[in-house]
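The block underneath contains the structure these notes are about, expressed in structure tokens.
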Amino acid sequence: MEDRRTIALVDCNSFYVSCERLFEPKLSGKAVVVLSNNDGCVVARSREAKALKIAMGVPFFQIKDHVDAGRLIAMSSNYTLYGDMSHRVMRTLSELGFPQEVYSIDECFLDLSDAVEPVATMAEARRRVAHDVGIPTSIGIACTKTLAKLASDLAKEHPAGVYAFPPPGPELAKILRNVPVIDVWGIGPRIGKVLLELGVHTALDLARMNVHTMRERYGITGARVVQELRGVRCIELEEVQPKQSITSSRSFAGQVTELDDLRAAVASFVERACEKARSGHRAATALTVFIEHNRFDPRAPDCSGALTHHLSVPTNLTSELMHYASEMVRRLWRPGGRWKKAGVLLLGLVDDRSQQTSFLDQVDRERGKALAAAVDEINNKHGRLVVRCAATCLSKDWRPLMERCSPRYTTRWDEVPKIG
DNA sequence: TCTGGGGTCCTAGGACCC
DNA sequence: TCTGGGGTCCTAGGACCC
């Protein structure tokens, strides 16, 4: 009754470090970490660095001794490079012709249900990525995404780099008995702690938990994890989902206290976020601005805050959003505040069919005015007007009209009350 | 004094992921 | 002294409507 699928998870090994190694071969075989922005904390570790017991996310100053002693090499990050390399890996994998879900910068799922020999196919995929792009990978194969993810962890210990779980049954149970529950995809530190207290120590214990209990305690997500571990597919492969939100934020090197400094920072975030939105042909229907105090300093004054502004018309124009963001910062700011981080979120993203929006905005004001005049004329003649809300009508002068139409940039006929 | 039930939408916050 | 920057999904509760 169950239709069995075969899912693979392809995971790039120590991805950022592997990227750096491509351009600095002398880093091979060495303990290497890549640091976050401002060289704040560790975001990637080579196998050798993991052997030094360097945890993910530790602040740099805590591992500085290793670096000073020559045991460890720390690199600043280069996200443009990683993005580019990721693109190449994903493209190489897509050429195999299987449905693909790019899950993160260094991972993707492949639906191998139609593959005749999944393990051999993935061995070839792995060889190809290594040869064409130069990035080492680990590939896990199983019948659900959650199991495939676990299998890819185990694949790292296999010399072949590809590891397939047996179908659900005693043999799989034996393997899951050796996997700590905290290593299961979807079980974070919070839920993991509670599970341990309940005596649920391994992935097998979790798979044997009562689904209804999990549903009650941890909601639908908890129940899904249990089912997936049993081999019941609950999480589907999702091919290219358009983004639903875009964030741009940074921690400040020092503390920011002045309104103008805060404003300048937020302005740059708005600019970046808008660029991202435009390049993905997305437009926001809401804008959130947040500022945060130093959460690591218990004595720091709590001056964190966030405001959300809803837009009547979706936009990805820097100038427009900057206007709102600036006002929001002014409202969030208060004297005596010491801020450590700030950012903006573009929310409620919709498809931006008006790729010429910014063009129109800059050079087509005149045409907008002419259109508005034409509308006036028709209004005067007919009393009310039927307007085609096409993307070409998006000049600022048409905004009041657009507000009465569909909230999205859809092309449709709509009734609009008399303007002016 | 009695005081429905079902639906939607929105928001804030929590938990998780890489 | 120094502690990242993105994302997603789910839930609960309030407002509002009929």
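Below, chain A is the first sequence line, B the second, and so on; all start at residue 1.
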Open item on the list: Quick check against the 3.5 Å criterion: does Ser113(A) have a side-chain atom that pairs as donor or acceptor with the backbone of Thr6(A)?
Closed with: yes

TODO: Sort and list the pairs that fulfil salt bridge (Lys or Arg N to Asp or Glu O under 4.0 Å) and have at least one residue in residues 75-97 of chain A, not counting sequence neighbours.
DONE: Asp84(A)-Arg88(A)

- [ ] Flag the pair Pro167(A) / Leu172(A) as yes when at least one side-chain heavy-atom distance between them is below 4.5 Å, and no otherwise.
- [x] no

TODO: Report the residue (Asn294(A) or Lys276(A)) whose heavy-atom-nearest nucleotide on DNA chain C is the more 5′ of the two.
DONE: Asn294(A)

- [ ] Summarise how protein sits on nucleotides 6-13 of chain B as a single string, 5' to 3': B when a protein heavy atom is under 4.0 Å from the base, S for sugar-phosphate-only contact, - for no contact.
- [x] -----S--

Open item on the list: Under a 4.0 Å threshold between the charged nitrogen and the carboxylate oxygen, would Arg263(A) count as salt-bridged to Glu258(A)?
Closed with: no

- [ ] Please tell me if the side chains of Pro166(A) and Ile175(A) come closer than 4.5 Å, counting only heavy atoms from C-beta onward.
- [x] yes

TODO: Scan for side-chain hydrogen bond (donor to acceptor under 3.5 Å, both in side chains) pairs involving residues 194-203 of chain A, sequence neighbours excluded, and state none if there are none.
DONE: Thr202(A)-Asp205(A)

TODO: Check salt bridge (Lys or Arg N to Asp or Glu O under 4.0 Å) between Asp132(A) and all other residues, then give those that pass, not counting sequence neighbours.
DONE: none

Open item on the list: Tell me whether Asp183(A) at atom CG has more than 12 heavy atoms from other residues, nucleotides or ligands lying less than 6.0 Å away.
Closed with: yes

Open item on the list: What residues from residues 53-75 of chain A pass a heavy-atom cutoff of under 4.0 Å to DNA chain C?
Closed with: Pro59(A), Phe61(A)

TODO: Represent DNA chain B in dot-bracket notation, 5' to 3'. Only Watson-Crick or G-U wobble pairs with both distances under 3.5 Å count; pseudoknot-style crossings use [ ] and interstrand partners use |.
DONE: ....||||||||||||||

TODO: Describe, in one word, how the ring planes of Phe269(A) and Phe252(A) are oriented to each other, choosing from parallel (under 30°), tilted (30 to 60°) and perpendicular (over 60°).
DONE: parallel

Open item on the list: Using a 4.0 Å heavy-atom cut-off, does Asn38(A) contact any base of the nucleic acid, only the sugar-phosphate backbone, or nothing at all?
Closed with: nothing

TODO: Under the salt bridge (Lys or Arg N to Asp or Glu O under 4.0 Å) rule, collect the residues that match up with Asp65(A), sequence neighbours excluded.
DONE: none

Open item on the list: Among residues at least two apart in sequence or on other chains, which ones pass salt bridge (Lys or Arg N to Asp or Glu O under 4.0 Å) with Arg224(A)?
Closed with: none

Open item on the list: Test: salt bridge (Lys or Arg N to Asp or Glu O under 4.0 Å). Region: residues 34-55 of chain A. Which pairs qualify, not counting sequence neighbours?
Closed with: Arg21(A)-Glu48(A)

Task: dT3(B) to dC18(C) separation - P atoms, rounded to the nearest Å - done: 24 Å

- [ ] Count the heavy atoms belonging to other residues, nucleotides or ligands that lie under 6.0 Å from NE2 of His158(A), then report whether that count exceeds 12.
- [x] yes

Taking only nitrogen or oxygen atoms into account, show me every contact under 3.5 Å that the protein makes with nucleotides 15-17 of chain C, one pair per line with its distance.
none

TODO: Write down the distance between CG (Leu35(A)) and C1' (dG5(C)), rounded to a whole number of angstrom.
DONE: 14 Å

Task: Under 3.5 Å donor-acceptor, Ser77(A) side chain and Leu35(A) backbone - done: yes

- [ ] Starting from P on dC18(B), measure out to OH on Tyr82(A) and report it in whole angstrom.
- [x] 19 Å

TODO: Strictly below 4.0 Å, heavy-atom distances to any atom of DNA chain C: list the hits from residues 242-253 of chain A, or just say none.
DONE: Lys243(A), Gln244(A), Ser245(A), Ile246(A), Thr247(A), Ser248(A), Ser249(A), Arg250(A), Ser251(A)

Task: Ile63(A) side chain near Val33(A) side chain, heavy-atom distance below 4.5 Å - done: yes

Task: Tyr218(A) or Asn37(A), whichever maps to the more 5' nucleotide of DNA chain C - done: Asn37(A)

Open item on the list: Under a 3.5 Å cutoff, is there a donor and acceptor pairing between the side chains of Ser104(A) and Glu107(A)?
Closed with: yes

Task: Nucleotide dC18(B), atom P - distance to NZ of Lys145(A) in whole Å - done: 12 Å

Open item on the list: Just N and O in the side chain of Arg45(A): are any of them under 4.0 Å from OP1 or OP2 of dC18(B)?
Closed with: no

Open item on the list: So does Lys340(A) get a backbone contact from the side chain of Gln255(A), meaning a donor-acceptor N/O pair under 3.5 Å?
Closed with: no

Task: Salt bridge present between Asp68(A) and Lys64(A) (N-O < 4.0 angstrom) - done: yes

TODO: Mind checking Arg224(A) for me? I need base, sugar-phosphate or nothing, with any heavy atom below 4.0 Å counting as a touch.
DONE: sugar-phosphate

Open item on the list: Which residues in residues 181-217 of chain A have a heavy atom closer than 4.0 Å to any atom of DNA chain C?
Closed with: Arg215(A)

Open item on the list: Taking side chain to side chain donor-acceptor pair (under 3.5 Å) as the criterion, tell me which of Lys145(A), Gln100(A), Arg5(A) meets it with Asp111(A).
Closed with: Arg5(A)

TODO: Return the value, rounded to whole Å, for the distance between atom NZ of Lys341(A) and atom P of dC2(C).
DONE: 16 Å

TODO: Pick base, sugar-phosphate or nothing for Phe15(A), based on heavy-atom distances below 4.0 Å to the nucleic acid.
DONE: nothing

